[in-house]
There are 2 protein chains.
Amino acid sequence: MKLTEAKQQFISNWGAFGTHWGINRTMAQIHALLLVSPDPMTQDDIMEELNISRGNTNMNIRELINWGLVDRVLLSGERKEFFTAEKDIWKVVTQIVKERKKRELEPMLQLLDKLENVEGDKKDKHVKTFVDTVSSIRKLGRQADKTLDRMIRAEESWFVGSLIKIFK
Amino acid sequence: MKLTEAKQQFISNWGAFGTHWGINRTMAQIHALLLVSPDPMTQDDIMEELNISRGNTNMNIRELINWGLVDRVLLSGERKEFFTAEKDIWKVVTQIVKERKKRELEPMLQLLDKLENVEGDKKDKHVKTFVDTVSSIRKLGRQADKTLDRMIRAEESWFVGSLIKIFK
DNA sequence: CCGAATTTTCAAAATATACTGAAAGATAGA
DNA sequence: TCTATCTTTCAGTATATTTTGAAAATTCGG
């Protein structure tokens, strides 16, 4: 397979993959493109390569920057802004975990804390089932939260341990 | 907070949470409802509780059954079908991991294997960056795949280890 | 086998999400 | 400061996804 075709397949599949995880197709595709591009690219480069509008490109680059996955780069002598993606996949994963934890897991845990204190008689099976379920989700969530913190700090844990051997 | 209100908040937030992870709102809400319901429910119960149509209810229940998160239950003397959700959260998580691995991770790994064999001169920096990126994603993915297998088998690993202490 | 009860299907409608492109805003060199 | 270049915004449009509801299919007791 030729590079051009391989690149297209990678980008298109990465986009589809992203949509299964609540990430919009274009954002995932821009990320994929930058991941496999050796040099920083401009908005116009990206627009052209992916056949998308200026507005769309701009919006999704910004979002990628917010997620900490893409950086703005200024090349001396160039007026335009260039963009580049972090290539160390372990860092990419860590960054995504960090953000999703903050945006989704933590608010969910706060909610569960609140819901666990529902009024009512624990002998009522409806109350009991509700409290038990919420409580077990909360516990699992808290545990995951702690573990992910450890992973982010990249100091211990099996996952980091086994992966660090491969990547560092 | 009263049970009714708590239940509603749980269901509605679980639905919103799901959408961030590529799961449709209704499916997540039905799951949430069944999770906190002590007894099996019929389609009509669910329709009424969540104010959704028969078709929608039916389709999403089926999908939850496909995911292995909900079971059809036949109560003796009852013509209607009843539905119930697995309440053991660890089993729920394992089941979701198992399915997503099969549906998303494995196909992605197959693609990456193929793409890593792109033609071309490795000294060309475009080829090199492509191959390096694909290769590092593939390696991380393979590692994750193995680890998740272990987690599914629930026989070892930090995560299981630390969680099993809490849940079993 | 009949027919009422129940479940499933799916085309059409509703809703939610993403994308475009032109205009406004910002920036930097002359 | 002025102007050409580049970036950002956002209302309108397009696309994708979800939901409805009525009709078709299935099921089960008699």
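In what follows, every chain begins at residue 1, and chains take the letters A, B, ... in the order their sequences are listed.
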K.L.:
Just how far, in rounded Å, is C1' of dT6(C) from CG of Leu75(B)?
P.N.:
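Roughly 15 Å, once rounded to whole Å.
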
K.L.:
How long is the line joining NE2 of His20(A) and C1' of dT17(C), in whole Å?
P.N.:
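After rounding, the gap between these two atoms is 16 Å.
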
K.L.:
Write down the distance between CG (Asn58(A)) and P (dA26(C)), rounded to a whole number of angstrom.
P.N.:
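Atom CG in Asn58(A) sits about 14 Å away from atom P in dA26(C).
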
K.L.:
How many whole angstroms separate atom CZ of Arg54(A) from atom P of dC19(C)?
P.N.:
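Atom CZ in Arg54(A) sits about 16 Å away from atom P in dC19(C).
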
K.L.:
For Glu81(A) and dA26(C), what is the distance between atoms CD and P respectively, to the nearest whole Å?
P.N.:
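Roughly 14 Å, once rounded to whole Å.
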
K.L.:
For DNA chain D, whose closest nucleotide is more 5', that of Gln43(A) or that of Arg25(A)?
P.N.:
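By nearest-heavy-atom nucleotide position, the 5'-most residue is Gln43(A).
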
K.L.:
Using the closest heavy atom to pick a nucleotide of DNA chain C for each, name whichever of Thr57(A) or Arg79(A) lands nearer the 5' end.
P.N.:
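Per heavy-atom nearest nucleotide, the more 5' residue is Thr57(A).
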
K.L.:
Rounded to whole Å, how long is the line connecting atom CG of Leu74(A) with atom P of dG29(C)?
P.N.:
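Result: 11 Å.
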
K.L.:
State whether the side chain of Asp45(A) and the backbone N or O of Thr42(A) hold a donor-acceptor pair below 3.5 Å, judged by distance alone.
P.N.:
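Yes.
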
K.L.:
Rounding to an integer number of Å, can you tell me how far Met47(B) CE sits from dA22(D) C1'?
P.N.:
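Interatomic distance, CE of Met47(B) to C1' of dA22(D): 12 Å.
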
K.L.:
How about Lys98(A): does its NZ atom have over 12 heavy atoms from other parts shown lying under 6.0 Å from it?
P.N.:
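Check fails, neighbour count at 12 or below.
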
K.L.:
At under 4.0 Å, does any side-chain N or O of Arg72(B) touch on OP1 or OP2 of dT7(C)?
P.N.:
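Answer is no, no contact under 4.0 Å.
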
K.L.:
Kindly check if the number of other-residue, nucleotide or ligand heavy atoms within 6.0 Å of CD (Glu106(B)) is above 12?
P.N.:
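Yes, the 6.0 Å shell around CD holds more than 12 heavy atoms from other groups.
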
K.L.:
Would you tell me if any nitrogen or oxygen in the side chain of Thr26(A) comes within less than 4.0 Å of OP1 or OP2 on dC19(C)?
P.N.:
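Answer is yes, contact under 4.0 Å.
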
K.L.:
With a 4.0 Å limit, can you tell me whether Asn56(A) has a side-chain N or O closer than that to the phosphate oxygens OP1/OP2 of dA18(C)?
P.N.:
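Answer is no, no contact under 4.0 Å.
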
K.L.:
How would you label the contact of Asn24(A) with the nucleic acid (heavy atoms, under 4.0 Å): base, sugar-phosphate, or nothing?
P.N.:
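Here Asn24(A) touches the backbone only, sparing every base.
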
K.L.:
Among the nucleotides dT9(C), dT20(D), dC6(D), which one has an atom lying closest to any side-chain atom of Lys80(A)?
P.N.:
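It is dC6(D).
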
K.L.:
What is the distance, rounded to the nearest whole Å, between atom CD1 of Ile61(A) and atom P of dT20(C)?
P.N.:
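So the CD1-P distance, Ile61(A) to dT20(C), works out to 13 Å.
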
K.L.:
Could you verify whether a donor N or O on one side chain and an acceptor N or O on the other, from Thr129(A) and Asp132(A), lie under 3.5 Å apart?
P.N.:
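The answer is no; no qualifying pair exists.
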
K.L.:
Are Asp121(A) and Lys128(A) ion-paired here, with the side-chain N under 4.0 Å from a carboxylate O?
P.N.:
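No, Asp121(A) and Lys128(A) are not salt-bridged.
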
